[in-house]
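Excluded from the calculations below are hydrogen atoms, water molecules and symmetry mates; all remaining heavy atoms, backbone and side chain alike, are included.
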Amino acid sequence: MSTFEYRHDAGASSPAVARSDTTVETSAEISPGQRTALRYVGAVIRICLGWVFLWAFLDKLFGLGHETPAEGAWLDGGQPTAGFLGNATAGPFADFYQGLAGQAWVDWVFMIGLLGIGLALILGIGMRIAAVAGALMLVLMWSAVLPPANNPFMDDHLIYALVLVALALGDAGRTLGLGGWWQSTALVRRWPVLV
């Protein structure tokens, strides 16, 4: 426990205020209840962010009509990256991203990424890889629309990327997830990068 000392000598102050020596202790540590609450909040954030990725995958795969119309479903020959990369890109990298729009390999990498990141976050497994892959995907999406519409440089993609890193560093997969079991498997013990 760290201690912050505040000393106030009566002779050093104005005559109207005279106090004796006072020691105030503050703790840099959080209580067990706060730690538990923080773990559960992190788990809920992890699951919610996982759903964001998984929902994007499902919507594009089946054309559920939220962002992807039924006729644009990947299962029916739609191109999951064609709409955003072909029409919504702006800024200095627009030509680069428009050149990638609708290419089969880009569609596959994007869809596998959405599915893998979404499932890993919801299940609480592979948090390090999910955090790196998710942060990379989000930063790439951010760079496709520079500058962001409502700010000179900051937008939700960068915030989500930072949240992913924090979740991985905080071992958020262990609470309300399979992270504890996953970390004890022979595969992860042999390849710790899979934590």
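Put simply, Trp181 and Met127 are part of two different groups of oily side chains (I, L, V, M, F, W, Y) that touch within less than 4.5 Å, one to the next. A continuous path of hydrophobic side-chain contacts links Phe53 to Leu58 [ILVMFWY only; heavy atoms under 4.5 Å]. Under a hydrophobic clustering in which Ile, Leu, Val, Met, Phe, Trp and Tyr are joined whenever their side-chain heavy atoms come within less than 4.5 Å, directly or via other members, Ile129 and Val132 fall into different clusters. Follow the hydrophobic side-chain contacts under 4.5 Å out from Leu121 and you never reach Ile125; the two are in separate clusters. Cluster membership check: Leu49 does not share its hydrophobic cluster with Leu178, using side-chain heavy-atom separations under 4.5 Å among Ile, Leu, Val, Met, Phe, Trp and Tyr.
Interatomic distance, Phe84 CZ to Lys60 NZ, rounded to the nearest 0.5 Å: 9.5 Å. Between the CE atom of Met111 and the CD atom of Gln79 there is a distance of 12.5 Å, given to the nearest 0.5 Å. In this structure, CG in Asp95 is found 11.0 Å from CG in Leu100, a value given to the nearest 0.5 Å. Here Ile30 contributes atom CD1 and Thr36 contributes atom OG1; the two are 8.5 Å apart, rounded to the nearest 0.5 Å. A distance of 5.0 Å separates CG in Leu64 from CG in Asp59, rounded to the nearest 0.5 Å. Here the CD1-OH distance, from Ile45 to Tyr40, works out to 15.0 Å after rounding to the nearest 0.5 Å.
Here the side chain of Asp107 pairs a donor or acceptor atom with the backbone of Thr81 at under 3.5 angstrom. Formation of a donor-acceptor pair under 3.5 Å by the Thr185 side chain with backbone atoms of Trp182 is found in this model. Panel note: side chain Thr89, backbone Gln98; no donor-acceptor pair is recorded below 3.5 Å. Here the side chain of Gln103 pairs a donor or acceptor atom with the backbone of Gly99 at under 3.5 angstrom. Side chain of Arg46 to main chain of Ala168: no donor-acceptor pair is present (N/O by atom type, distance under 3.5 Å, no hydrogens or angles). With Gln34 contributing its side chain and Ser31 its backbone, the two residues share a donor-acceptor pair below 3.5 Å. At least one donor-acceptor pair under 3.5 Å links the side chain of Trp142 to the backbone N or O of Phe153. Checked by atom type and distance alone, the side chain of Arg39 never pairs as donor or acceptor with a backbone atom of Ala172 at under 3.5 Å.
Within a 6.0 Å sphere centred on CG of Asn150, heavy atoms belonging to other residues, nucleotides or ligands number 12 at most.
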In residues 154-165, what donor-acceptor pairs under 3.5 Å come from side-chain atoms, sequence neighbours left out?
| from | atom 1 | to | atom 2 | distance (Å) |
| --- | --- | --- | --- | --- |
| Asp155 | OD1 | His157 | N | 3.1 |
| Asp155 | OD2 | His157 | ND1 | 3.0 |

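Judged as a side chain to side chain contact (heavy atoms under 4.5 Å, CB included), and not counting sequence neighbours, the contacts of Leu119 are Leu54, Leu115. Partners of Arg128 under the salt bridge (Lys or Arg N to Asp or Glu O under 4.0 Å) rule, at least two apart in sequence or in another chain, do not exist in this structure. Phe93 meets the side chain to side chain contact (heavy atoms under 4.5 Å, CB included) test with Tyr97, Ser143, Leu146; sequence neighbours excluded.
Within the 4.5 Å cutoff, the side chain of Phe57 has no heavy atoms near those of the Ile117 side chain.
Of all heavy-atom pairs between Ala73 and Thr68, the closest is N-CG2, 4.2 Å. The minimum heavy-atom distance between Ala120 and Gly126, with the atom names listed, is CB-O, 4.4 Å. When every heavy atom of Trp74 is checked against every heavy atom of Pro80, the shortest pair comes out as CD1-CD, 3.4 Å.
For the salt bridge (charged side-chain N to carboxylate O under 4.0 Å, His left out) condition, the pairs that include at least one residue of residues 163-186, sequence neighbours left out, are Asp171-Arg174. Every pair tested for salt bridge (charged side-chain N to carboxylate O under 4.0 Å, His left out) that includes a residue from residues 176-195 fails, sequence neighbours excluded, so the list is empty.
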